[in-house]
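Quick notes on the structure that follows.
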Amino acid sequence: MSQDYSKLLQPLDLGFTTLKNRALMGSMHTGLEDRAKDFPKLAAYFAERARGGVGLMVTGGFAPNVEGWLSPFGSKLSKKSEVKRHLQVTRAVHDEDGKICLQILHAGRYGYSPLCVSASNIKSPISPFKPRALSTKGVHRTIKDYANSAYLAREAGYDGVEIMGSEGYFINQFLVTHTNTRTDEWGGPFENRMRLPVEIVKAARAAVGPDFIIIYRLSMLDLIEQGSTWDEVVQLGKAIEAAGATIINTGIGWHEARVPTIATSVPRAAFSWVTGRMNEHIDIPVVATNRINDPQVANDIIANGEADMVSMARPFLADSDFINKAAAGKAESINTCIACNQACLDHTFSGKRSSCLVNPRACYETERNFSPTNNVKRVAVVGAGPAGLSAATVLAEMGHHVDLFDQASEIGGQFNIAKKIPGKEEFHETLRYFDNKIKETGVELKLNTPVVANDLIGAQYDEVILSTGIRPREISIEGADHPKVLSYIDVIVHQKPVGERVAIIGAGGIGFDMAEYLVHQGESPSLNTAAFNQEWGVDPAYQSAGAYQLPQPEPAARQITMLQRKAEKMGKGLGKTTGWIHRAALKMKNVNMVSGVEYQKIDDLGLHLSGPNGETKLIECDHVVVCAGQLSRRDLEEELVAAGISTHLIGGAKLAGELDAKRAILEGFELASSL
Ligand code: FAD
Ligand code: NAP
Ligand code: SF4
């Protein structure tokens with residue numbers, strides 16, 4: 001694999017300071033920003049990433065005043081007394097030769113707070129609170145608050161600030177008419193609506209002087225109806241440059257947009273084209289963002305002139321050493337962000353501390369650690385799924401002797417099924433990472449090796465770890481053995497032919513993935529930006545305001561009915577930030593979703609059931625695919641324990657309910673580091 005990252009690794013001269021490369025770690029709210037007591041952890045988190053070589057980092061959002069809170073008593077920088085805690089962060093970063101900007105984020109009507117304000121008193125569709133419309137005086141006061149926050153950021157030792165002007169937050173709410181119906185000088189014609197961000201940048205520049213970075217995050221694509229037009233976006237970009245910004249970063253999509261913008265099903269660098277368009281109009285450096293997780297993709301964006309810098313956020317959660325590894329020509333050892341959102345954004349939106357599915361140390365740098373052992377043990381790990389891979393590689397890194405067994409011919413367990421789902425192609429990266437890590441750490445990998453207890457008894461292992469995963473739950477209704485009944489393993493692993501009319505029993509994560517698998521044919525839209533744009537209504541010609549038009553999905557390859565016994569809304573247990581995408585994608589393919597059913601029998605005609613109101617129904621179908629959950633596979637445990645062997649269970653083998661790769665990898669890490 002050729003690894004030319006010369007453009008990405010090239011320094012960027014900003015006049016008064018130079019960034020050591022073109023990689024920006026984009027802003028992420030980790031949950032460590034909200035309380036002063038968490039700042040030592042926040043400092044360690046940023047220091048580790050500075051050590052990893054990234055050119056510039058941006059903190060999570062800090063409100064310039066109480067009205068701008070994301071949530072009550074959330075992160076804010078508006079008082080001198082709040083400066084001191086930040087010094088821990090900036091010192092730690094500077095000690096590692098890094099640079100860091102503080103993001104100033106006023107949530108506007110997205111604030112989860114009764115005190116929230118906006119341009120007008122129009123409630124957002126994704127927030128329970130109706131905002132108060134700011135008075136004219138209130139707008140002037142808010143501009144001063146931004147400037148004050150920027151000034152305090154400088155006092156706190158930051159290298160700059162990022163002013164958040166995108167994703168539908170406060171500033172965005174002034175820019176478009178459907179959220180700004182004001183009649184004063186801050187509403188009406190675009191010149192008035194865009195005055196707020198321009199005045200904010202001017203005031204911030206006046207407060208901090210010329211030698212301080214001001215990044216402005218410009219909403220280049222709103223992806224909502226009645227969003228900004230392209231001419232408006234360019235007009236604003238030029239005005240922001242003239243007002244004194246140092247760098248323009250790209251913002252993609254309001255939070256209320258019905259287009260996925262960072263989920264794993266979004267193609268890599270799907271939106272860099274819009275930054276490229278803006279770059280033609282702007283002289284200061286411009287930054288491309290969204291779904292960039294690979295050094296070659298990042299390098300190419302700069303090489304082809306679309307941007308001067310590339311922002312990656314979650315990829316630095318997944319691997320703090322991303323840039324050092326790229327610079328050393330070891331890209332194959334990067335732990336790649338798979339854009340699942342499961343441990344980062346889903347946590348943020350549930351009020352939990354962020355971490356990372358593939359890297360449980362993220363945001364736990366002072367807590368989840370291990371060191372070389374001085375008591376080397378012989379450990380057998382049975383099962384090379386996510387749990388076993390995580391445990392085996394941590395143990396080997398500590399210096400233990402590890403034998404890792406799997407009956408399959410490849411590592412990865414169920415990830416080998418997941419990676420075949422359209423939109424989950426990134427899962428290949430985790431397997432590549434572990435494959436490399438096994439070699440780096442010296443794990444003895446033994447594939448095609450089904451293990452029975454007797455293989456381990458008497459083999460002189462100090463510890464045995466069972467990471468043998470799960471077996472699919474079978475259903476026990478009449479006709480469960482009918483030839484038209486298939487398991488998800490039959491369909492995805494054994495590639496058994498599937499007819500045009502399909503009923504899916506079970507609507508958990510795997511039921512949804514199965515529906516996705518069966519409605520698609522041909523190339524996955526996640527690998528083709530043009531197909532993705534058409535599927536979701538992104539208008540790259542920018543003929544519509546907000547660059548959003550009616551989606552034109554490809555017709556479904558099959559007619560699918562999804563079923564569950566619970567009466568609740570389907571997909572309730574899916575990820576907080578991605579569940580809506582799965583539901584919307586399947587609705588666009590006319591998938592029929594029926595909750596509250598009772599299964600009766602399967603015969604030549606199809607699946608017989610009683611519906612939510614007790615009515616009997618026949619789902620005529622060619623196949624019934626069973627995705628009815630999973631049961632732990634822990635066959636070896638009893639014999640090993642009886643033989644007196646120190647035996648540990650992790651992942652699906654420990655508990656099948658609520659299992660996902662996040663838990664499996666974390667359990668592997670925690671067990672290994674405790675042995
Ligand atoms: P497994 O992955 O099941 O691995 C167990 C391994 O043990 C297997 O390789 C098996 O061959 C081996 N084994 C078993 N018995 C023996 C034996 N006696 N000897 C030798 N080897 C043995 N999770 C997410 O978090 N996010 C997702 O988006 C996601 N999508 C998914 C999509 C699909 C279609 C599927 C099927 C799963 C998905 N999952 C997802 C679930 C995730 O893959 C599992 O939670 C995770 O793989 C569990 O890890 P594990 O290591 O416990 O078990
Ligand atoms: P799951 O999420 O527990 O869903 C199982 C489904 O089967 C439910 O819809 C359940 O609904 C149904 N069911 C349970 N027992 C049944 C029975 N006896 N007969 C008929 N139906 C039954 O499990 P899964 O879909 O197998 O997924 C396994 C794990 O992988 C999950 O824990 C999930 O988190 C993870 N995963 C995650 C993702 C993701 O995107 N994050 C994707 C795929 C998988 P009713 O009981 O209401 O019928
Ligand atoms: Fe990326 Fe998933 Fe980790 Fe978030 S949890 S950083 S999306 S791999």
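Keep in mind the model is a prediction, meaning the values are calculated, not measured. Counting starts at 1 for both ligands and their atoms, following the listed order.
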*How are the rings of Phe427 and Phe415 set relative to one another: parallel (under 30°), tilted (30 to 60°) or perpendicular (over 60°)?*
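The rings of Phe427 and Phe415 sit tilted, inter-plane angle from 30° to 60°.
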
Nearest protein heavy atom with distance in Å, relative to [atom]:
{"atom": "atom 47 (O) of ligand 2", "answer": "Lys566 N, 2.8 Å"}
{"atom": "atom 7 (S) of ligand 3", "answer": "Asn341 N, 3.0 Å"}
{"atom": "atom 12 (C) of ligand 2", "answer": "Gly506 CA, 3.9 Å"}
{"atom": "atom 8 (S) of ligand 3", "answer": "Ile338 N, 3.4 Å"}
{"atom": "atom 44 (C) of ligand 2", "answer": "Ile510 CG1, 3.6 Å"}

Part of [X] with heavy atoms under 4.0 Å of ligand 2, whether side chain, backbone, both or neither:
{"X": "Cys627", "value": "backbone"}
{"X": "Lys424", "value": "side chain"}
{"X": "Thr578", "value": "neither"}
{"X": "Asp513", "value": "side chain"}

*Would you kindly check if the NZ (Lys) or CZ (Arg) of Arg378 is within the cone defined by 45 degrees around the ring axis of Tyr461 and under 6.0 Å from the six-membered ring centre?*
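Relative to the ring axis of Tyr461, which defines the angle, Arg378 lies inside both limits.
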
_For the residue pair Arg368 and Tyr364, would you count it as a cation-pi contact if the rule is NZ or CZ under 6.0 angstrom from the ring centre and within 45 degrees of the ring axis?_
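Yes, cation above the ring, under 6.0 Å and within 45°.
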
*Crowded around Lys654 NZ? As in, over 12 foreign heavy atoms under 6.0 Å?*
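It does not: Lys654 NZ has 12 such atoms or fewer within range.
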
Without swapping roles, check the side chain of [X] against the backbone of [Y] for a donor-acceptor pair under 3.5 Å.
{"X": "Arg565", "Y": "Glu598", "result": "no"}
{"X": "Ser595", "Y": "Glu568", "result": "yes"}
{"X": "Glu638", "Y": "Asp635", "result": "no"}

*asked:* Tell me whether ligand 2 is touched by Arg663 - counting only heavy atoms on the residue side and a distance under 4.0 Å.
replied: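 Not so, Arg663 does not reach ligand 2.
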
*Has Gly573 got any heavy atom lying under 4.0 angstrom from an atom of ligand 2?*
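False for this residue.
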
*With Asp435, the salt bridge (Lys or Arg N to Asp or Glu O under 4.0 Å) member among Lys439, Lys437, Arg432*: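 Going through Lys439, Lys437, Arg432 one by one, the salt bridge (Lys or Arg N to Asp or Glu O under 4.0 Å) with Asp435 is satisfied by Lys439 alone.
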
Should [X] be counted as touching ligand 1, given the test is an N or O pair under 3.5 Å?
{"X": "Phe427", "result": "no"}
{"X": "Gln630", "result": "no"}
{"X": "Ile492", "result": "no"}
{"X": "Gln414", "result": "yes"}
{"X": "Ala387", "result": "yes"}

Could you tell me, atom by atom, which parts of ligand 1 come under 4.0 Å of a heavy atom of [X]?
{"X": "Leu357", "result": "25 (O)"}
{"X": "Val382", "result": "17 (C), 19 (N), 20 (C)"}
{"X": "Gly652", "result": "52 (O)"}
{"X": "Gly651", "result": "52 (O)"}
{"X": "Gly413", "result": "2 (O), 4 (O), 8 (C), 9 (O)"}
{"X": "Ser467", "result": "5 (C), 6 (C), 7 (O)"}

*Is atom 3 (Fe) of ligand 3 less than 2.8 Å from at least one N/O/S atom of Cys344?*
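For Cys344, the answer is no, given that no N, O or S atom comes within less than 2.8 Å of atom 3 (Fe) of ligand 3.
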
Close N or O approach ([X], ligand 2; < 3.5 Å):
{"X": "Leu659", "answer": "yes"}
{"X": "Arg565", "answer": "yes"}
{"X": "Tyr599", "answer": "no"}

Measure the distances from the heavy atoms of [X] to every atom of ligand 1 and state whether one is below 4.0 angstrom.
{"X": "Lys424", "value": "yes"}
{"X": "Cys340", "value": "no"}
{"X": "Gly509", "value": "no"}
{"X": "Asp635", "value": "no"}

_Sub-4.0 Å atoms of ligand 2 with respect to non-hydrogen atoms of Gly629_ =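 Listed by number with element, the hits are 5 (C), 7 (O), 23 (O), 26 (O).
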
*Can you sort out which atoms of ligand 2 are near Gln630, meaning under 4.0 Å from one of its heavy atoms?*
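The list of qualifying atoms is 26 (O), 28 (C), 29 (C).
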
*asked:* At under 4.0 Å between heavy atoms, is it the side chain or the backbone of Ile510 that contacts ligand 1, or both, or neither?
replied: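 It is the side chain that touches ligand 1; the backbone stays farther off.
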
_If you scan the protein for heavy atoms around atom 39 (N) of ligand 1, do you find one that is closer than 4.0 Å?_
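Under 4.0 Å from atom 39 (N) of ligand 1, zero protein heavy atoms found.
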
*Asn341 and Thr577: CA distance, side-chain angles, deciding distance, side-chain hydrogen bond (donor to acceptor under 3.5 Å, both in side chains) verdict*: CA-CA 7 Å; Asn341 283 0; Thr577 61; 3.1 Å; yes

*For the atom pair CZ (Phe322) and CG (Asn293), what is the distance rounded to the nearest 0.5 Å?*
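Reported value, rounded in 0.5 Å steps: 7.0 Å.
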
*Give the contacting part of Ala339 toward ligand 3: side chain, backbone, both or neither, where contact means a heavy-atom distance below 4.0 Å.*
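Just the backbone.
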
*Given Ala313, Cys340, Ala318, which has its nearest heavy atom closest to atom 2 (Fe) of ligand 3?*
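Looking at heavy atoms only, the winner is Cys340.
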
*From the options Gly657, Gly508, Gly575, select the one whose nearest heavy atom is closest to atom 2 (O) of ligand 2.*
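Among Gly657, Gly508, Gly575, the closest heavy atom to atom 2 (O) of ligand 2 comes from Gly508.
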
*Hey, is atom 2 (Fe) of ligand 3 within less than 2.8 Å of some N/O/S atom on Cys356?*
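Here the distance criterion (N, O or S atom, under 2.8 Å) is not met by Cys356, so no.
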
